[in-house]
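As structure tokens, the structure follows; a few thoughts come after it.
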Amino acid sequence: MTINIILLGPPGAGKGTQARRLVEDRGMVQLSTGDMLRAARSSGTEMGKRVAEVMDRGQLVTDEIVIGLIREQLAGGGAGFIFDGFPRTLGQADALGQLLSETGMSLDAVIEMQVDDEALVRRITGRFTCGNCGEVYHDQTKPTAVAGVCDVCGSTDLKRRADDNEDSLKTRLLEYYKKTSPLIGYYYAKDKLTQVDGLAEMDEVSAQIAAALDGTGPKA
Ligand code: ADP
Ligand code: ZN
């Protein structure tokens with residue numbers, strides 16, 4: 001069965017962590033526009049250079065760019081796509097609806113991960129990831145067992161994102177409230193929305209998402 005879902009929520013809500021679990025547990029395909037944009041910027045292309053500055057400030061890159069990135073990836077979805085960090089504007093949401101219907105795919109669920117603002121600031125300002133396997137860590141709540149070494153793969157390539165500082169985070173939050181939060185009402189009105197408690201333990205969040213997905217599916 002193929003299920004296509006959106007993970008919606010402010011920066012630091014845990015979308016990436018849950019997406020990775022869905023990839024492992026269900027063989028779904030994660031489409032993270034944030035990851036695609038970071039790949040584009042490190043490839044040094046013209047587009048990459050343009051987006052790097054915007055991203056570091058915490059602002060949104062243009063709809064045109066991210067819709068283009070998603071369009072290129074919408075094939076061979078395995079057990080389904082997880083849209084992680086996309087759509088982030090009403091324009092992107094409309095575009096996704098159109099892309100999916102053009103390719104005969106459905107949108108089965110939108111999972112809103114709810115987290116309060118103070119928790120977001122705490123989470124994001126301590127965050128770092130493994131550059132090799134993508135595992136996510138936190139200075140206080142989830143440090144590596146051995147300082148500087150990834151628990152999962154043993155890599156010492158641990159990185160902090162350039163936009164995970166307090167200034168950029170404030171901008172990212174503002175962008176979220178101004179431009180992305182209207183999508184909650186948009187998908188509620190389309191009967192797609194499920195809300196989960198993003199502050200629960202990671203396994204509990206996964207269980208809430210699983211319950212939402214198993215109660216959904218492509219309408220025959
Ligand atoms: P987070 O959810 O923690 O903010 P992401 O990795 O999803 O992180 O996004 C990082 C940055 O990439 C955003 O702040 C924004 O600049 C850009 N970005 C990612 N996805 C989109 C999108 N759908 N539309 C516009 N900009 C995006
Ligand atoms: Zn690793």
Side-chain angles (χ1 to χ4, degrees), residues 6-20 24 30-42 47-73 81-96 99 111-113 115 117 119-138 142-146 148-183 198:
I6 293 171
L7 295 180
L8 186 63
K15 302 183 294 286
T17 302
Q18 294 299 327
R20 283 163 52 79
E24 265 171 43
Q30 177 186 11
L31 294 184
S32 161
T33 43
D35 288 347
M36 292 176 205
L37 290 168
R38 278 184 287 278
R41 67 181 285 173
S42 54
M47 187 264 275
K49 282 178 218 152
R50 267 186 287 142
V51 299
E53 207 196 318
V54 177
M55 286 177 81
D56 288 351
R57 279 201 303 266
Q59 293 170 337
L60 294 187
V61 308
T62 64
D63 284 357
E64 196 191 350
I65 288 177
V66 291
I67 292 164
L69 288 171
I70 288 287
R71 181 184 281 118
E72 285 170 16
Q73 303 293 322
F81 290 111
I82 307 157
F83 297 99
D84 164 11
F86 178 91
R88 261 176 155 95
T89 64
L90 289 167
Q92 292 176 22
D94 283 337
L96 177 62
L99 282 174
I111 311 286
E112 185 207 348
M113 302 184 60
V115 184
D117 296 339
L120 295 177
V121 177
R122 274 199 309 276
R123 276 187 180 187
I124 286 194
T125 48
R127 176 162 83 169
F128 59 100
T129 56
C130 174
N132 180 49
C133 75
E135 187 71 5
V136 183
Y137 296 97
H138 189 280
K142 195 190 169 200
T144 52
V146 178
V149 182
C150 176
D151 295 353
V152 176
C153 74
S155 167
T156 53
D157 181 23
L158 301 175
K159 313 184 187 181
R160 276 172 214 274
R161 275 169 44 174
D163 60 347
D164 275 355
N165 61 72
E166 237 176 299
D167 273 357
S168 297
L169 176 57
K170 288 277 154 63
T171 307
R172 281 153 72 198
L173 274 179
L174 258 180
E175 292 280 72
Y176 177 78
Y177 286 114
K178 285 199 293 196
K179 296 174 184 164
T180 308
S181 65
L183 299 185

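Side chains included, hydrogens not; waters and symmetry mates left out as well; all remaining heavy atoms used. Order of listing sets the numbers, starting from 1, for every ligand and every atom in it. Bear in mind that the values here come from a model prediction, so they are computed numbers and not experimental data.
Near Leu37, meaning under 4.0 Å from one of its heavy atoms, ligand 1 places the atoms 12 (O), 17 (C), 18 (N), 19 (C), 27 (C). Atoms of ligand 1 lying under 4.0 Å from at least one heavy atom of Gly85, given by number and element, are 20 (N), 21 (C), 22 (C), 23 (N). Each of the atoms 3 (O) of ligand 1 lies under 4.0 Å from some heavy atom of Arg127. Heavy-atom contacts of Pro11 reach the following atoms of ligand 1: 1 (P), 2 (O), 3 (O), 4 (O) (cutoff under 4.0 Å).
Closest to atom 11 (C) of ligand 1, if we only count protein heavy atoms, is Met55 CE, 3.8 Å. Counting protein heavy atoms only, atom 8 (O) of ligand 1 is closest to Arg161 NH2, 3.1 Å. Atom 14 (O) of ligand 1 has its closest protein heavy atom at Arg172 CG, 3.8 Å. What sits closest to atom 19 (C) of ligand 1 on the protein, heavy atoms only, is Arg88 NH1, 3.3 Å. The protein heavy atom nearest to atom 20 (N) of ligand 1 is Thr33 OG1, 2.7 Å.
Between Gln59, Arg38, Gln92, it is Gln59 that holds the heavy atom closest to atom 16 (O) of ligand 1.
The proximity of Arg57 to ligand 1, defined as any non-hydrogen pair under 4.0 Å, does not occur for either the backbone or the side chain. Proximity of Val66 to ligand 1, defined as any heavy-atom pair under 4.0 Å, is confined to the side chain (atoms from C-beta onward). Contact annotation: for Arg41 versus ligand 1, there are no heavy atoms closer than 4.0 Å.
A heavy-atom distance below 4.5 Å is not found between the side chains of Thr33 and Val61. Between Arg172 and Leu120 the shortest side-chain heavy-atom distance does not fall below 4.5 Å. Between Asp35 and Gln30, some side-chain heavy-atom pair lies under the 4.5 Å cut-off. Between Asp56 and Ser168, every side-chain heavy-atom pair lies at or beyond the 4.5 Å cut-off.
Within the 3.5 Å criterion, the main-chain N or O of Lys179 finds no donor-acceptor partner in the side chain of Arg88. A distance-only check finds no donor-acceptor pair linking the side chain of Glu135 to the backbone of Cys130 [under 3.5 Å].
Closest non-hydrogen pair, Leu183 versus Pro87, comes out as CD1-O, 3.2 Å. Nearest heavy atoms, Asp151 versus Tyr137: N-OH, 2.9 Å.
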Practice task
Would you please test Phe86 and Leu31 for side-chain contact (heavy atoms from CB on, under 4.5 Å) and show each step?
Solution key: CA-CA 8 Å; Phe86 178 91; Leu31 294 184; over 6 Å; no
Practice task
Kindly indicate, with the supporting measurements, whether the criterion side-chain contact (heavy atoms from CB on, under 4.5 Å) is fulfilled by Asp117 and Lys170.
Solution key: CA-CA 10 Å; Asp117 296 339; Lys170 288 277 154 63; over 6 Å; no
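Considering backbone and side-chain atoms alike, Lys15 places an N or O below 3.5 Å from some N or O of ligand 1. Taking distance alone, with nitrogen or oxygen atoms compared against 3.5 Å, Val61 approaches ligand 1 more closely than that limit.
In this structure, SG of Cys133 and SG of Cys153 enclose an angle of 120° at the Zn ion (ligand 2), rounded to 10°.
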